[in-house]
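Below, chain A is the first sequence line, B the second, and so on; all start at residue 1.
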Amino acid sequence: MGGIITKGTSIKPRSGNKPPRVCETPSGMLNSIGLQNPGVEYFAENDLPFLKKFDTAIIVNACGSTVEDYIEVCKILDTLDIDGVELNLSCPNVKEGCMAFGSSYEGVKEVTSKVRKVLNKPLIVKLTPNVSNIAEIAKGAEDGGADGVSLINTLLGMKIDIEKRKPVLANNTGGLSGPAIRPVAVRMVYEVAQAVNIPILGMGGIVNGEDAIEFMLAGASAISIGAGNFQDPYTSINTIKQIEEYMEKHNIENISDIVGKVTMN
Amino acid sequence: MPEVVKAKLIEKEYLKPDIVRFKVEAKSIVETAKPGNFLEIRVSETTVPFLRRPISIYNLNKDEGTLEFIFQIKGEGTKLLSNKEEGDLIDIIGPLGMGTFKFSSYNKIAVVGGGIGVFPLYELSKEAKEEEREVNIYLGFRSKDYVVLEKEFKGVSDKLVLTTDDGSYGIKGFAINELEKDLEKEKIDCIYACGPLPMLRAVKKLAIEKDIPCQISLEERMGCGIGVCLGCAVKTARSSDENPEYWHVCKGGPVFRAKDVDI
Ligand SMILES: Cc1cc2nc3c(=O)[nH]c(=O)nc-3n(C[C@H](O)[C@H](O)[C@H](O)COP(=O)(O)OP(=O)(O)OC[C@H]3O[C@@H](n4cnc5c(N)ncnc54)[C@H](O)[C@@H]3O)c2cc1C
Ligand SMILES: Cc1cc2nc3c(=O)[nH]c(=O)nc-3n(C[C@H](O)[C@H](O)[C@H](O)COP(=O)(O)O)c2cc1C
Ligand code: FES
């Protein structure tokens with residue numbers, strides 16, 4: 001496994017949203033966690049030493065409400081013993097910031113370029129699928145100086161309890177993840193791959209090697225797994241094994257040989 | 001440490017048409033499990049339904065390395081689980097939850113359960129009896145048709161009080177009211193409870209009024225069950241609108257001190 005990406009980390013602690021925060025949906029789940037996290041200082045002191053025990057890259061997902069928040073948290077992250085930052089411009093569950101910045105070319109380019117000035121470590125910008133043209137927005141990240149983009153974050157959704165006639169989530173809406181969103185994610189990875197030259201970290205509903213190969217053929221240089229870990233904590237390990245099996249079966253020497261190799265009809 | 005095991009189903013029994021008891025071989029879970037711990041059970045080989053189901057441990061058989069859990073068939077997930085047959089393997093993560101029932105120096109305890117919330121209280125009561133504590137159990141059910149495990153709870157208690165809402169079996173009324181009456185004449189060192197929220201609220205209120213330590217087991221919708229998704233939030237008692245604070249049922253719980261959580 002290449003690395004572990006943390007949950008969203010902000011400059012100050014965040015308490016998150018009211019429960020219920022999760023609910024199951026067909027082949028997936030909605031969440032409205034609301035970026036609960038203990039803040040970057042607590043992370044540096046308590047969580048990072050634990051994560052450093054593993055022989056794998058540690059990438060911190062950074063979030064904020066204002067451009068200044070992103071700059072401040074990245075200034076601190078730059079001083080830590082981590083391997084990179086994933087800038088979360090895509091959380092659908094908080095009122096301010098995040099997805100608001102991530103929804104336009106200009107917004108993404110602005111935050112990315114400002115963070116770039118204070119961050120020397122590798123910078124990945126995480127994109128929201130809740131937009132009409134994700135390729136253009138990915139370009140904003142590239143033009144702002146990102147080393148890579150990751151996609152997709154969750155799709156905004158809602159589930160209604162028909163007895164109570166109210167949404168199940170206290171936050172009313174939440175982000176959809178899991179296999180239900182995979183086709184949307186694959187399509188978006190493909191579109192972004194056509195638009196930018198920086199590498200893509202693909203995600204959205206991956207639960208096995210076949211899913212991972214799909215993302216790579218669409219143009220992702222690497223993949224990551226979120227909700228799939230909830231179903232089976234061994235999902236990542238099994239996915240790696242299944243990718244290797246695919247490589248053997250198809251005589252692929254280097255997995256990067258298949259990146260973007262889908263041929264359209 | 002939680003383990004992921006493929007546990008063999010060795011005994012399946014319907015207690016009611018919609019209540020099933022499973023006994024499974026799960027030595028590595030049994031070795032470290034404590035009363036109050038729960039399991040996350042995968043109910044499908046596919047991604048539908050997507051999430052595991054949280055189910056409490058009902059009984060640990062340490063000598064044979066088996067454990068039992070009892071569940072109500074409620075929706076799609078528990079229905080699928082109930083289709084498993086003896087000999088099948090079940091994918092289980094456990095034991096889960098760092099917040100378990102604690103005995104401290106409590107010598108005389110009261111155990112209060114309602115409906116399907118009674119299941120995790122059996123192992124607790126059993127261990128309390130094994131340690132020669134005095135155990136009074138108060139269980140409430142909707143009506144006679146819903147009463148389960150009377151004999152089992154009788155075997156691990158000094159006193160068992162059963163109530164039904166409609167009086168069709170045992171005493172008419174709520175279990176908590178019977179405890180309240182007994183508290184007039186007896187001293188109880190700690191109250192342990194699991195059941196529907198209104199019952200837990202009443203237990204908490206009573207415990208605070210009488211100044212008796214109280215431990216309650218909570219339910220919340222879960223994503224992962226292992227403390228990583230932060231989905232299963234419960235508000236802490238010291239939380240305020242300005243400074244909201246949440247703990248997580250699967251990690252800090254499912255058992256909490258009643259006075260510590262806002263339910
Ligand atoms: C810590 C804990 C211990 C539990 N122990 C037991 C037990 O010993 N015996 C038992 O019968 N039930 C227990 N439950 C409740 C049990 O998890 C639900 O009844 C079950 O998940 C329902 O799944 P379903 O697919 O049949 O129903 P559905 O209603 O179709 O489930 C839909 C989704 O909602 C979730 N959900 C539904 N009800 C609950 C609930 N009450 N709590 C949490 N999530 C829920 C499901 O997990 C699933 O993700 C426990 C719950 C928790 C949180
Ligand atoms: C419970 C939960 C919490 C999440 N928290 C974050 C977060 O803090 N930051 C972030 O960038 N994405 C977060 N995500 C989104 C995932 O990282 C991922 O982009 C999305 O869920 C799609 O991938 P998946 O289907 O493999 O989960 C979260 C997803 C879930 C299910
Ligand atoms: S269910 Fe994921 S943190 Fe509790």
Side-chain angles (χ1 to χ4, degrees), chain A residues 4-8 12-38 47 51 93 154 159 161 168-171 174-182 205-208 210-211 225-235 237-238, chain B residues 1-6 40-54 74-78 80 91-94 96 197 218-236 238-251 253 261-263:
Chain A
I4 295 174
I5 304 181
T6 69
K7 186 147 172 61
K12 293 215 179 72
R14 296 183 68 118
S15 54
N17 293 329
K18 286 198 183 112
R21 293 180 175 183
V22 289
C23 78
E24 193 179 52
T25 57
S27 260
M29 64 180 285
L30 286 169
N31 90 80
S32 60
I33 310 298
L35 298 177
Q36 175 170 13
N37 81 92
D47 298 329
L51 289 170
N93 295 321
T154 53
K159 179 172 170 66
D161 180 329
V168 173
L169 297 176
N171 191 50
L176 184 63
S177 54
I181 69 170
R182 195 190 310 132
I206 297 172
V207 295
N208 59 35
E210 287 173 26
D211 303 344
I225 297 174
N229 293 305
F230 305 163
Q231 189 179 47
D232 182 355
Y234 290 116
T235 300
I237 295 170
N238 291 338
Chain B
M1 258 302 273
E3 306 263 342
V4 188
V5 300
K6 297 263 191 273
E40 276 278 11
I41 303 177
R42 189 160 173 183
V43 293
S44 160
E45 299 282 309
T46 71
T47 60
V48 192
F50 188 55
L51 299 173
R52 287 172 182 261
R53 296 307 191 247
K74 215 183 126 199
E76 193 189 2
T78 45
L80 277 171
D91 183 340
I92 301 179
I93 307 178
L96 294 170
L197 260 187
L218 298 183
E219 287 185 1
E220 186 49 71
R221 279 171 188 263
M222 298 191 169
C224 67
I226 54 174
V228 301
C229 79
L230 309 186
C232 57
V234 55
K235 214 178 223 168
T236 66
R238 63 175 180 225
S239 174
S240 63
D241 285 349
E242 304 79 58
N243 282 311
E245 183 189 46
Y246 297 98
W247 289 340
H248 298 96
V249 172
C250 77
K251 202 175 171 194
V261 285
D262 180 2
I263 52 171

**Student:** A side-chain contact here means heavy atoms from C-beta on lying under 4.5 Å apart; do A:Asp47 and A:Pro38 qualify?
**Tutor:**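 Side chain of A:Asp47 against side chain of A:Pro38, heavy atoms only: contact under 4.5 Å found.
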**Student:** Quick check: do B:Val4 and B:Asp91 have side-chain heavy atoms less than 4.5 Å from each other?
**Tutor:**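 They are in contact (side-chain heavy atoms under 4.5 Å apart), so the answer is yes.
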**Student:** Which distance, rounded to the nearest 0.5 Å, do you find between the CZ of B:Arg52 and the CD of A:Glu24?
**Tutor:**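 Answer rounded to 0.5 Å: 12.5 Å.
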**Student:** If you count heavy-atom pairs under 4.5 Å with chain B, which of A:Asn37, A:Asn17, A:Asn31, A:Thr25 comes out on top?
**Tutor:**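 Winner by heavy-atom pair count: A:Asn17.
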**Student:** Give, as side chain, backbone, both or neither, the part of B:Thr46 having an atom under 4.5 angstrom from any heavy atom of chain A.
**Tutor:**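 Just the backbone, heavy atoms under 4.5 Å.
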**Student:** Look at A:Pro20, A:Pro26, A:Gly28 and state which one has the largest set of heavy-atom pairs under 4.5 Å with chain B.
**Tutor:**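 Top count of heavy-atom pairs under 4.5 Å with chain B: A:Gly28.
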**Student:** Sort out for me which of B:Gly225, B:Cys232, B:Gly231, B:Ser44 touches chain A most, counting heavy-atom pairs under 4.5 Å.
**Tutor:**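 Between B:Gly225, B:Cys232, B:Gly231, B:Ser44, the count favours B:Gly231.
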**Student:** Got a sec, which residues hit side chain to side chain donor-acceptor pair (under 3.5 Å) with A:Glu210, two or more places apart in sequence or on another chain?
**Tutor:**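 For A:Glu210 there are no side chain to side chain donor-acceptor pair (under 3.5 Å) partners, ignoring immediate neighbours.
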**Student:** Contact part of B:Arg42 toward chain A, heavy-atom cut-off under 4.5 Å: side chain, backbone, both or neither?
**Tutor:**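 B:Arg42 touches chain A through side-chain heavy atoms alone.
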**Student:** For residues B:Arg221 and A:Met29, determine if any side-chain heavy atom of one lies less than 4.5 Å from a side-chain heavy atom of the other.
**Tutor:**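 In short, these two side chains do not touch, never coming nearer than 4.5 Å.
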**Student:** Look at B:Glu40, B:Arg53, B:Glu245, B:Met222 and state which one has the largest set of heavy-atom pairs under 4.5 Å with chain A.
**Tutor:**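 Option with the greatest count: B:Arg53.
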**Student:** Of the listed residues (B:Val228, B:Val48, B:Ile93, B:Leu230), which shares the most heavy-atom pairs with chain A below a 4.5 Å separation?
**Tutor:**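 Max contact count across the listed options: B:Leu230.
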**Student:** Looking at B:Thr47 and A:Gln231, what are the two nearest heavy atoms and their distance?
**Tutor:**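 That would be CA-NE2, 3.5 Å.
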**Student:** Is chain B contacted by the side chain of A:Ala180, its backbone, both, or neither, given a heavy-atom distance below 4.5 Å?
**Tutor:**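 No part of it gets close to chain B.
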